[in-house]
Amino acid sequence: MPTIVVLGAGVSGLTCALELAKQGGHEITVVAKHMPGDYDIEYTSPWAGANVLPMALDKDSRWERRTWPVLRRLAKEVPEAGLHVQTARVLRREKDVATGLKAALADGLFQFDPWYKEVMDNFREIPANELPKGMHSGCEFMSVCINTAIYLPWLVGQCAKYGVQFKRGIVKHISQAHNLSHTGKKADIVVNATGVLACKLGGVMDKTVYPARGQIVVVRNEAKGFMPTSSGCDDADDEIMYVMQRALGGGTILGGTYMKHNWDPNPDPNIAVRIMKRAVEAHPELTDGKGIEALSIIRHGVGLRPAREGGVRIEKEKIDGTWVVHNYGHAGWGYQGSYGCAEKVVELVDEIVKQEKRQSKL
Ligand code: FAD
C-alpha cells in the first residue's frame, strides 16, 4: 500500500489528504507545524473569510469550476461543516470602469460577461436602478460563506474517519518529510502543501512565492442577505472592500487589503478604521445606518495569502529520490479552488503509483 505524507494542514493539505483517503489504498499521514485551532501569521487558512468569488480567468478556471459543486453541496446538505449559502454581490465602480478596470481585471471576478455566469447558480446582472451610487454595473449570484473555525476542524474529522493520521512536525528540507509517516516506513510520495512557506522550505525555496497581506476586522454585527465586494476603493491601491457573514455564529468578516510582498503580522489601526468605514458604507444594515462606532469588534487579524508569480503550482517532481507532488500558491482562492486542486493532486499521485508499479517499486 503506497505511503503518503501530506506536508501542511491548511485547507490545501487537508483537502488533498481527504480526497486521497476517500480513494482508499494509501497510508496517509498529515504532518504540519500548524494545525486547525492555531492562529499564526505563518498559517493562512484560519484567517480567510472565506467565500466563493470566482477569481480565475476562463483559461485557469478548472480549480474553481470543480470546487463549486462540492462547496454548494456541503452548504446545503452538511450543516456541521460550517458553510452557508449567501448571495454574492460584485460591483464595478464607475471610476474603475472609466480607467479600464485595469487593476480589477487582473482577475476574472470583475470582468464583463464572466465565464462563471454559466457556473454559479442564480447569476443575474444587477439592473441600473438597483445599483448603489457610484457603481457602473454589477452582478449577483449564489455563493457560500465558510466559517473556517468550524470547517478546518471538520476536515480533520473527515480525514480521521477515513484513517488519516496526524502529527505535528517542522521540516527544514522537503526530503525530511518522507521519514515522518506514522507507519515508520519511508513515504513513497510527499504532497507539499506548505502555502506561503514554500518560499523558505529547503529543496523547494520557490522564490516566486510571496505574501499578499490581508488585514481583516471580525465583528458581531450581522450582514444579512448579501456579501458585497467592489472593484476598487479610494483609500489606497492595495486596499479592497468586502463583507461576509460566516455561518454558525462565526461573526462577520470585514476586509480588507491585498498588500503584495508585505509580511507584517500586526494589524494596522489606521487601515482597520478604513476597512470598517468602507464596510459600513457598502452595507449600512451592518450598523442600522449608524457609523463604525456601532460595530462590535471580536478581533483584528492579518493573514498572508500565498501568492505566486505565474499562479498555483500543482505538479510532480522527484527530489532526492522521493516523489513530491506540489500544491501551493493559491493566493486568495485556496478554499474556492480546494477540491479542484485536490482532484489534480489525486491524479498525479495515481500517475506516480502506476509508474512505480510498472517498475515494480511499489
Ligand atoms: P496554509 O493555510 O498556510 O497552510 C500551510 C500549512 O503548511 C500549515 O499547516 C503550516 O504549518 C504547514 N507548513 C508550512 N511549512 C512547513 C514546514 N516547513 N514544516 C511543517 N509544516 C509546514 N480563499 C478563498 O477561497 N476565499 C476567500 O474568501 C478567501 N479570503 C481570504 C482572506 C484573507 C484575509 C486571507 C489571508 C486569505 C483568504 N483566502 C481566501 C485565501 C486562502 O486563505 C488561502 O489561499 C489558503 O488558506 C491557503 O491554504 P494552504 O493550505 O495552501 O496554506
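All ligand and atom numbering here is 1-based and tracks the order in the structure. We count residues from 1, following the sequence as given. These numbers come from a predicted model, not from an experiment.
The option with the heavy atom closest to atom 25 (O) of ligand 1, from among Q336, Q215, H330, is Q336. The option with the heavy atom closest to atom 23 (N) of ligand 1, from among P54, G332, S143, is G332.
Within 6.0 Å of NZ in K316 there are more than 12 heavy atoms belonging to other residues, nucleotides or ligands.
Under 4.0 Å from ligand 1, heavy atoms of T194 appear from its side chain as well as its backbone. Counting heavy atoms under 4.0 Å from ligand 1, residue L7 touches it through the side chain alone. At a 4.0 Å heavy-atom cut-off, ligand 1 touches A193 through the backbone alone. When non-hydrogen atoms are compared, ligand 1 lies under 4.0 Å from neither the backbone nor the side chain of S338. Counting heavy atoms closer than 4.0 Å to ligand 1, residue V11 contributes atoms from both its backbone and its side chain.
What sits closest to atom 49 (O) of ligand 1 on the protein, heavy atoms only, is S45 OG, 3.2 Å. Regarding atom 48 (C) of ligand 1, its nearest protein heavy-atom neighbour is P306 CG, 3.8 Å. For atom 37 (C) of ligand 1, the closest heavy atom belonging to the protein is R305 CG, 3.5 Å. Protein heavy atom at the shortest distance from atom 52 (O) of ligand 1 is S12 OG, 2.9 Å. Shortest contact from atom 32 (C) of ligand 1 to any protein heavy atom: A48 CA, 3.6 Å. Among protein heavy atoms, the minimum distance from atom 8 (C) of ligand 1 is reached at Y43 CD1, 3.7 Å. Among all non-hydrogen protein atoms, the one lying nearest atom 18 (N) of ligand 1 is V171 O, 2.8 Å. Looking only at protein heavy atoms, the nearest one to atom 45 (O) of ligand 1 is A331 O, 2.7 Å.
Of all atoms in ligand 1, numbered sequentially from 1 with element shown, those under 4.0 Å from a heavy atom of Y242 are 32 (C), 34 (C). Residue A50 approaches ligand 1 through these ligand atoms, each under 4.0 Å from one of its heavy atoms: 26 (N), 27 (C), 28 (O). For ligand 1, the atoms closer than 4.0 angstrom to any heavy atom of G303 are 36 (C). Near G49, meaning under 4.0 Å from any of its heavy atoms, are these atoms of ligand 1: 30 (N), 31 (C), 32 (C). The ligand atoms of ligand 1 that sit less than 4.0 angstrom from a heavy atom of G195 are 52 (O), 53 (O). The ligand atoms of ligand 1 that sit less than 4.0 angstrom from a heavy atom of G169 are 19 (N), 20 (C), 21 (N). Atom numbering of ligand 1 starts at 1 in the shown order; those under 4.0 Å from a heavy atom of L197 are 14 (C), 15 (N). Close contacts of ligand 1 with I170, meaning ligand atoms under 4.0 Å from a residue heavy atom, involve 19 (N), 20 (C).
Remark: distances from the non-hydrogen atoms of W333 to ligand 1 include one below 4.0 Å. Ligand 1 has N51 within reach: a non-hydrogen atom of the residue lies less than 4.0 Å from it.
Between Y43 and H34, the ring planes are parallel. Angles under 30° get that label, and only those over 60° would be called perpendicular. The aromatic rings of W333 and H330 sit perpendicular, their planes meeting at an angle over 60°, well past the 30° parallel limit.
Residue D234 is tested with R278, R93, R274 for a side-chain hydrogen bond (donor to acceptor under 3.5 Å, both in side chains); the sole match is R93.
In terms of polar-atom proximity, A9 is counted as a contact of ligand 1, with an N or O under 3.5 Å from an N or O of the ligand. Residue H34 has at least one N or O atom closer than 3.5 Å to an N or O atom of ligand 1. Considering backbone and side-chain N/O of N327, none are found under 3.5 Å from N/O of ligand 1.
Considering only residues two or more places apart in sequence or on other chains, W115 meets the ring pair (Phe, Tyr, Trp, His ring centres under 6.0 Å) condition with none of them.
Residues H326 and E317 have side chains that bring a donor and an acceptor to within less than 3.5 angstrom of each other. A side-chain donor from one of S137 and R92 sits under 3.5 Å from a side-chain acceptor of the other. Remark: the N51 side chain and the Q336 side chain contain no N/O donor-acceptor pair separated by less than 3.5 Å.
A cation-pi arrangement is not found for R305 relative to Y210, the charged atom failing to lie both closer than 6.0 Å to the ring centre and inside a 45° cone about the ring normal. A cation-pi arrangement is not found for R89 relative to F141, the charged atom failing to lie both closer than 6.0 Å to the ring centre and inside a 45° cone about the ring normal. Annotation: cation-pi pair K186/W323 absent, no NZ/CZ under 6.0 Å from the ring centroid and within 45° of its normal.
Cluster membership check: M244 does not share its hydrophobic cluster with Y116, using side-chain heavy-atom separations under 4.5 Å among Ile, Leu, Val, Met, Phe, Trp and Tyr. Hydrophobic clustering places I292 together with V243 (ILVMFWY residues linked when any side-chain heavy atoms are closer than 4.5 Å, directly or through intermediates).
In this structure, Y39 has its ring center under 6.0 Å from that of W47.
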Working note: K167 + V30, criterion side chain to side chain contact (heavy atoms under 4.5 Å, CB included); need CA distance, chi angles, decisive distance, verdict. CA-CA 6 Å; K167 266 175 136 175; V30 173; over 6 Å; no
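In this structure, NZ in K260 is found 10.5 Å from CG in D237, a value given to the nearest 0.5 Å.
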